[in-house]
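Please read the structure below before turning to the comments.
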Amino acid sequence: EKGGYEHFMLKEIFEQPNAIKDTYRGRLLSKEAIIKMAGVEDNMKMFLNANRIIIVACGTSWHAGLVAEYIFEDLARIPVEVEYASEFRYRNPVINKNDIVIAISQSGETADTLAAIKLAKSQGAFVFGVCNVVGSSIARETNAGAYTHAGPEIGVASTKAFTTQITVLTLIALRLARAKGTMSSSDFRRHLIELEMIPDKVTQALKSDSYVKTVAEIYKDAKNFLYLGRGYNFPVALEGALKLKEISYIHAEGYPAAEMKHGPIALIDENMPIVVIATNKGHYEKIVSNIEEIKARKGKIIGIVTKGDKSVKKLADHVIEVPETIESLTPLLTTIPLQLLSYYIAVMLDKNVDQPRNLAKSVTVE
Ligand code: F6R
């Protein structure tokens, strides 16, 4: 059932090209230049009148929500707040009539997310679900939704659920951007074409596998890791750190790269590996200067870069390349080497990758 892979996690990492394809199949129609999603179409008026979207989720799903915040604001110009479900539900949150709540959950059974949905509904909000498990409690409790079609995710560390959640949320944002007119039709078309190329590019990114293994071997005994990213890739840094923590039990922190100078820079010395996501879009120059600051303090730099990169290559100890794409889609590629890195480190440390200690696949307790 592991399809020849040693662990479910590795199998699920390698399933991502197909999982992403399955998620946009029948929804992304690039020839016609349309996106078809019944859950969005049926509630279009609600979406168009939304003053704000509040995203509630936990863990990796919360990180997908953070990526979605950049996507919705950037493409569809809708203000977004992303909340940990556990904080939202206990905070007496302000929910207005024209707010839309999007709940993201792989399992559809997370107790805090379910409780946040019930609270939002009781205050009159329209709640849209993004779940992987069909017929799950959250899928049933929400007013409408869109499934990720990732297939069963068995490994406790979430991988293909994350990239397919981002895929679904991108489709929704693009559909709304078109409906609102915040995006030109040529730009919209370009996004559809680029999204359709992502599965092949994920396959390319997966080819870094053996090199990532080499990097894992070098740093597997580190006590701490720092993960840095900016913009769309800041949530990816958080997700990379979470993956490492949960399966290898190495302490790791994700940070927005520019925040480094406000504290974490004090941690940097020759024993600190720092994974920096530095694709050639967005804030590339800025992140190169962040890398220079790390280098000056002798930190070990593992750069996640766009194929053909030159500047980071000169500074970093290791670079792992991912194919080029438009900025909003870079998280779907930069995530891949970070999943592999945590996987190989955990395997080398002889940890129980698919069932890490103290963790369960769905957290049905508060
Ligand atoms: C991380 C992980 C957890 C879950 C979180 C939410 O790899 O698996 O952080 O992401 O418990 O779970 P769902 O998405 O099922 O609500």
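Computed from a predicted structure; not experimentally measured. Start at 1 and go down the list; that is how both ligands and their atoms are numbered.
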What is the closest protein heavy atom to [atom], and at what distance does it sit?
| atom | answer |
| --- | --- |
| atom 11 (O) of ligand 1 | Val363 CG2, 4.0 Å |
| atom 12 (O) of ligand 1 | Thr110 OG1, 3.5 Å |
| atom 4 (C) of ligand 1 | Thr60 N, 4.1 Å |

> Taking the six-membered ring for Trp, is the centroid-to-centroid distance between Tyr255 and Tyr227 below 6.0 Å?
Replying inline: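 They do not qualify: ring centres at least 6.0 Å apart.
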
Proximity to ligand 1 by part of [X], non-hydrogen separation under 4.0 Å:
| X | value |
| --- | --- |
| Glu246 | side chain |
| Leu359 | neither |
| Glu109 | neither |

Contact with ligand 1 for [X], non-hydrogen, under 4.0 angstrom:
| X | value |
| --- | --- |
| Thr113 | no |
| Ala157 | yes |
| Lys361 | no |

> Under 3.5 Å, is there a donor-acceptor pair linking the side chains of Lys243 and Thr335?
Replying inline: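 No, no side-chain donor-acceptor contact under 3.5 Å.
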
Subset of ligand 1 atoms that lie under 4.0 Å from at least one heavy atom of [X]:
| X | value |
| --- | --- |
| Lys243 | 1 (C), 7 (O) |
| Ser105 | 13 (P), 14 (O), 15 (O), 16 (O) |
| Ser61 | 10 (O), 13 (P), 14 (O) |
| Ser158 | 7 (O), 8 (O) |

>> If the threshold is 4.0 Å, N to carboxylate O, is there a salt bridge linking Lys300 and Asp317?
In response: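 Not counted as a salt bridge, because no side-chain N and carboxylate O are separated by less than 4.0 Å.
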
> Are any of the side-chain nitrogens in Arg89 or Asp112 under 4.0 Å away from the carboxylate oxygens of its partner?
Replying inline: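 A salt bridge is present here (some side-chain N lies under 4.0 Å from a carboxylate O).
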
> What residue among Glu15, Gln106, Gln339 forms side chain to side chain donor-acceptor pair (under 3.5 Å) with Lys160?
Replying inline: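 Single pass found, and it is Glu15.
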
>> Using the side chain to side chain donor-acceptor pair (under 3.5 Å) definition, which of the options Thr306, Asn280, Thr330, Thr279 pairs with Glu324?
In response: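 With Glu324 as partner, side chain to side chain donor-acceptor pair (under 3.5 Å) holds for just one option, Asn280.
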
> If we only count N/O pairs under 3.5 Å, is Val156 in contact with ligand 1?
Replying inline: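 Such a contact does occur with ligand 1.
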
> Heavy-atom distance to atom 6 (C) of ligand 1: which of Ala103, Ala57, Cys58 wins?
Replying inline: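 Residue with the shortest heavy-atom distance to the ligand atom: Cys58.
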
>> Can a donor-acceptor pair be found, under 3.5 Å and without considering hydrogens, that links the side chain of Glu12 to the backbone of Ile154?
In response: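 Yes.
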
> Can you say whether the rings of Tyr232 and Tyr70 are parallel (under 30°), tilted (30 to 60°) or perpendicular (over 60°)?
Replying inline: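 Judged by the thresholds at 30° and 60°, the geometry between Tyr232 and Tyr70 is tilted.
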
>> Does the plane of the ring in His318 sit parallel, tilted or perpendicular to the ring in Tyr211? Use 30° and 60° as the thresholds.
In response: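 Rings of His318 and Tyr211: tilted, 30 to 60°.
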
>> For the CD atom on Gln355, are there more than 12 heavy atoms of other groups (residues, nucleotides or ligands in this structure) within a distance under 6.0 Å?
In response: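 For Gln355, atom CD is not crowded (no more than 12 foreign heavy atoms under 6.0 Å).
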
